[in-house]
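The structure appears right after this line, and notes come after that.
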Amino acid sequence: MLEITRIRTGSDDIIEGLKKRGVDATADINALLTYDEEWRAKKAEMESIQSESNKISKEIGQFFREGKTQEANEAKEKTSALKTKEQDLKQEVNELETKIQNKLYEIPNVPQDIVPAGKSEDDNEVVEEIGEKVKFQDKAIPHWELADKYGLIDFELGVKVTGAGFPFYKGKGAKLQRGLINFFLDEAEKAGYEEVIPPLVVNEESGIGTGQLPDKEGQMYHVTEDDLYLIPTAEVPLTNMYRDVIIPNQDFSVKITGFTPCFRREAGSYGKDVRGLNRLHQFDKVELVRIEHPDRSEKALEEMVDHVKGLLEKLGLHYRVLRLCGGDLGFTSAITYDFEVYSAAQERWLEVSSVSLFETFQSNRLKLRYRGEDKKTQLCHTLNGSALALPRIVAALLENHQTDEGIKMPEAIVKYVGFEMIK
RNA sequence: GGAGAAAUGGCAGAGCGGUUGAAUGCACCAGUCUUGAAAACUGGCAUACCGAAGGGUAUCGGGGGUUCGAAUCCCUCUUUCUCCGCCA
């Protein structure tokens, strides 16, 4: 959520910036400015009436204490007119606040200057590409066939027990999963992140805090009986740890990591996108979350990007880094780098990580602030990134490291999974 | 799940329906004193919004109500604690 003060002072820049998303926010911003002005006028009026009636109330108290009952009763008469006026104004003020709030919820974050304009993923900017496509003598076998051949993952069983998109990992498939999680967590810890195991269900306020709600409730599983949501990413509970928090100094740097399963309804997905491990309703992910001083958030973003690159290199995967264009940028993000690994058998890129800087967009909703030198509270910057999401990493590992003898594990994870080859 | 009790500032803990945004203590910050520190003393110390400023308004778990006036009374929700039941 953008800050209303920013809209007051920089509406043109916001409108200009949002064009890169293909959004024309002129009407919304102008409406907001009108509501805001009206709100301030009404509120000032309401407060002066409140002030007056507070004053009279105090006088009445004084009269009673002095035993001047008649004066007190006369003063009471005066308040009734004020009261009805106050109530009317209060209602108007409330209505305006709701309107402003709803409008603010609708406006996405403003992309940073270096974010390219664009409509879809085709306009994303390839920042760099590392490694080369693996050459195979025959055609590479897709991961779902490999998973079946080596008994690693049972998709059919998942369909029976739960439904499509909820696979069973078995034997070495399960060990690979567990090993990768531990590997990612250890790497995060080495980089200074504190490990957290959060709840996997969150309340509505948390969903609003990080921007999943309102609007995108269709993407989350909703436990209606208790009005709770299954987390679509650890970002939600990890970032909401800091909802309504004021960090007492300005030298802070919060770095947390957490492994969680993630649950996504993924309504509307179909075809090759959902084949095998490409898109699941439940998947495992290690997430990084950072809360930073605005002056240090750019640096933090770079560090996170470097961290993810390091992981992909240790896994020996051919990957590329994209700077998302305005149109592909998430609602809450000011800048996002996506990481894609090359799927040798499917011959396409698979997204395995997304690292974003939200600036104050989330912290404004979260009321997440720090206390500056002048003792005033300022909004923090929030960031997060996957490091990494498991299914597509597994898909890429299986496909890219397949040999005639089996699937070779990258050196870095051998000690984590406990074997060198899947045979 | 059933029965009771409670929810006040960073913490502890007062609070009669009327200068209570809230006593007091601790913690914290600044100053005095000191070679330095401690102690002592003095002052400061919630958040948000509106306003150029003086200042104003709101907030005592959340929401609603009674009243000229609510931290204080009523309703409701949430959470915590104690006891009982159930249970990894």
Side-chain angles (χ1 to χ4, degrees), chain A residues 1-9 32-105 197-209 213 223-229 237 240-252 254 360-380:
Chain A
M1 186 166 72
L2 295 176
E3 294 140 89
I4 188 75
T5 46
R6 182 172 167 194
I7 293 173
R8 273 179 212 153
T9 54
L32 260 176
L33 289 172
T34 312
Y35 292 153
D36 182 53
E37 207 169 315
E38 209 177 323
W39 173 77
R40 278 188 287 175
K42 292 285 182 198
K43 192 167 175 179
E45 199 183 337
M46 178 182 83
E47 286 182 356
S48 76
I49 287 174
Q50 281 175 327
S51 176
E52 200 176 331
S53 73
N54 283 347
K55 212 180 289 170
I56 293 172
S57 287
K58 280 182 185 166
E59 281 169 15
I60 293 173
Q62 190 65 30
F63 286 141
F64 274 125
R65 247 168 313 167
E66 291 168 3
K68 299 176 180 169
T69 320
Q70 197 186 336
E71 282 90 335
N73 286 330
E74 281 169 18
K76 275 195 200 179
E77 302 285 312
K78 284 198 285 184
T79 59
S80 70
L82 285 175
K83 256 200 121 178
T84 52
K85 206 166 168 190
E86 184 188 326
Q87 266 167 356
D88 291 348
L89 280 165
K90 193 173 179 185
Q91 200 184 332
E92 287 182 72
V93 168
N94 284 344
E95 279 168 15
L96 282 164
E97 278 174 4
T98 309
K99 278 186 189 172
I100 290 169
Q101 193 65 246
N102 289 342
K103 270 282 180 255
L104 283 174
Y105 279 149
I197 300 178
L200 305 182
V201 265
V202 293
N203 57 28
E204 187 185 9
E205 283 159 297
S206 294
I208 291 172
L213 295 174
V223 184
T224 49
E225 180 76 15
D226 300 291
D227 201 14
L228 295 171
Y229 296 85
N240 272 283
M241 288 166 71
Y242 284 85
R243 174 151 49 83
D244 287 319
V245 166
I246 298 173
I247 297 170
N249 56 68
Q250 51 186 345
D251 310 319
F252 64 97
V254 175
T360 57
F361 197 86
Q362 287 184 328
S363 59
N364 189 29
R365 286 194 187 187
L366 292 161
K367 295 197 177 64
L368 164 52
R369 292 157 294 176
Y370 68 94
R371 203 175 290 283
E373 205 157 0
D374 54 359
K375 297 284 173 198
K376 287 186 83 172
T377 54
Q378 307 275 355
L379 293 172
C380 300

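What you see is a predicted model; the values in this text were computed from it and never measured. Convention: sequence-line order gives letters A, B, ...; per-chain numbering from 1.
For the strand RNA chain B, secondary-structure stems (runs of at least three Watson-Crick or G-U pairs, all distances below 3.5 Å) span B:1-7 with B:78-84, B:10-12 with B:24-26, B:28-32 with B:40-44, B:46-50 with B:55-59, B:61-65 with B:73-77.
Considering only residues two or more places apart in sequence or on other chains, A:Glu95 meets the side chain to side chain contact (heavy atoms under 4.5 Å, CB included) condition with A:Gln91. Applying the side chain to side chain contact (heavy atoms under 4.5 Å, CB included) rule to A:Asn203 yields the partners A:Glu205, A:Ser206, A:Leu228, A:Arg243; only residues at least two apart in sequence or on another chain are considered. Scored by the ring-ring contact (aromatic ring centres under 6.0 Å, His included) test, A:Tyr370 finds A:Phe252, A:His293 as partners (sequence neighbours excluded). Residues passing the salt bridge (charged side-chain N to carboxylate O under 4.0 Å, His left out) test with A:Arg8 are A:Asp36, sequence neighbours excluded. Residues satisfying the side chain to side chain contact (heavy atoms under 4.5 Å, CB included) criterion with A:Glu52, sequence neighbours excluded, are A:Leu82. For A:Glu86, there are no salt bridge (charged side-chain N to carboxylate O under 4.0 Å, His left out) partners at least two apart in sequence or on another chain. By the side chain to side chain contact (heavy atoms under 4.5 Å, CB included) test, A:Lys99 is found to be paired with A:Tyr35, residues two or more places apart in sequence or in another chain being considered. In this structure A:Glu92 satisfies the salt bridge (charged side-chain N to carboxylate O under 4.0 Å, His left out) test together with A:Lys42, sequence neighbours excluded.
For RNA chain B, the span of nucleotides reached by chain A at under 4.0 Å from its heavy atoms goes, 5' to 3', from B:G18 to B:G69.
Annotation: proximity of residues 85-94 of chain A to RNA chain B (heavy atom, distance under 4.0 Å) is found for no residue.
Taking atom C1' on both B:G25 and B:G17, the two are 28 Å apart, rounded to the nearest angstrom.
Within the structure, salt bridge (Lys or Arg N to Asp or Glu O under 4.0 Å) pairs that include any residue of residues 361-370 of chain A do not occur (at least two apart or interchain).
Along RNA chain B, the nucleotide nearest A:Arg371 and the nucleotide nearest A:Glu47 are compared for position; the residue whose nucleotide lies closer to the 5' end is A:Arg371.
When side chains are defined from C-beta on, A:Glu37 does not count as touching A:Leu33, because their heavy atoms never get closer than 4.5 Å.
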